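When a residue number appears, it is its place in the shown sequence, counting from 1. Keep in mind it's a predicted model, so treat the numbers as computed, not measured.
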Amino acid sequence: MSTPRATDADALAEAINAAKLATLGMLIAGVAHELNTPIGALGSNHDVLKRALARLQDILADEVVEPDELEEVRRIVRALDGVMRVNDLAMERVGRLISSLRSFGRLDRADIDRVDLREGIDTAVTLLQHEMRDRITVERDYAELPAVECYPHQLNQVFMNLLLNAVHAIHGKGRITIRTAQAADGVVVEVTDTGIGIAAENLNRIFEPGFTTKGARVGMGLGLPMARQIVDRHGGRVSVVSQPGQGTTFRVQLPLSLPRPAAH
């Protein structure tokens, strides 16, 4: 008996999982680097806390606290307050990175939900911070959006692909602008970069599987074709406008609900 052929949806899910794993592999080193800073701060502050606690114990060991010792206690308490604020920020940063990595890394194959697309976009931005630090600024022009019925982790891959493509298009310093808006038939997400742009003769080819260009937007590979395939599956459209030397805008339009199979 022959093995049944996988459906297009199964094949797409497998491709998305493979792409997600590949992206995670690329991100892990950068995320680990991002974690070093807050973890280093926590380690350093832990030593400060131990020494401050030891000094407070020395002062309070006597039955009588001298005025100069009381003033020292006040200074230590003020310093500890500052240390704890730094620790709070470090823990918030660690938590945000881990949460984003966990959210993006889930390999659910058919997890339909109604979500705010901005959450997936922000997850991708957080995970790409190490690629953009001190080089690329991200501007968010978010309009309020209704919840969209979708495969959230598939659309997260779309946003990751578009943002990573934008990052790689910018040589040196630049800016990425992310816009969201409501449309008559759904929602719109635009990713605009100030990168090198796409030559006119390549605009019609960038969604071809495996297409790359040397000296232009290198490494697009399967990212953009997969993005289009995912958007198509959601009943949406993806388009691009670009000017060589001035940047590129990718526009994703999505309906509020997934397409329903035609009745037979």
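The salt bridge (charged side-chain N to carboxylate O under 4.0 Å, His left out) search around R114 returns none, not counting sequence neighbours. Remark: R237 pairs with Q253 by the side-chain hydrogen bond (donor to acceptor under 3.5 Å, both in side chains) rule, at least two apart or across chains. With sequence neighbours excluded, the residues satisfying side-chain contact (heavy atoms from CB on, under 4.5 Å) with D232 are R228. With sequence neighbours left out, the salt bridge (charged side-chain N to carboxylate O under 4.0 Å, His left out) criterion links E119 to no other residue. D47 pairs by the salt bridge (charged side-chain N to carboxylate O under 4.0 Å, His left out) definition with R51, not counting sequence neighbours. Residues satisfying the side-chain hydrogen bond (donor to acceptor under 3.5 Å, both in side chains) criterion with R85, sequence neighbours excluded, are D81. Evaluation of the salt bridge (charged side-chain N to carboxylate O under 4.0 Å, His left out) rule for R133 yields E34 as partners, not counting sequence neighbours. Here R75 pairs with nothing under the side-chain hydrogen bond (donor to acceptor under 3.5 Å, both in side chains) rule; sequence neighbours left out. Applying the side-chain hydrogen bond (donor to acceptor under 3.5 Å, both in side chains) test to Q129 and every residue at least two apart in sequence or in another chain returns nothing.
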Would you list the atom pairs, donor with acceptor, under 3.5 Å between side chains in residues 136-143 and any protein atom, with sequence neighbours excluded?
unit_1: R140; atom_1: NE; unit_2: D122; atom_2: OD1; d: 2.9
unit_1: Y142; atom_1: OH; unit_2: D122; atom_2: OD1; d: 2.8

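Partner of I121 under the side chain to side chain contact (heavy atoms under 4.5 Å, CB included) criterion, chosen from V191, D116, T180, N156: T180.
Between P255 and G235, the shortest heavy-atom distance links the atoms CD-O, 3.6 Å. Of all the heavy atoms in Q182 and L145, the pair that sits closest is N-CD2, 4.1 Å.
Pairs engaging residues 144-154 under the salt bridge (charged side-chain N to carboxylate O under 4.0 Å, His left out) rule: R118-E144, E149-R260 [sequence neighbours left out].
Defined by atom type and a distance below 3.5 Å, a donor-acceptor pair is missing between the side-chain atoms of T177 and T192.
Here M91 sits in one hydrophobic cluster together with L42; the rule is ILVMFWY side chains under 4.5 Å apart, joined directly or through other members.
In this structure, M226 is a member of the same hydrophobic cluster as I206, with clusters built from ILVMFWY side-chain heavy atoms closer than 4.5 Å.
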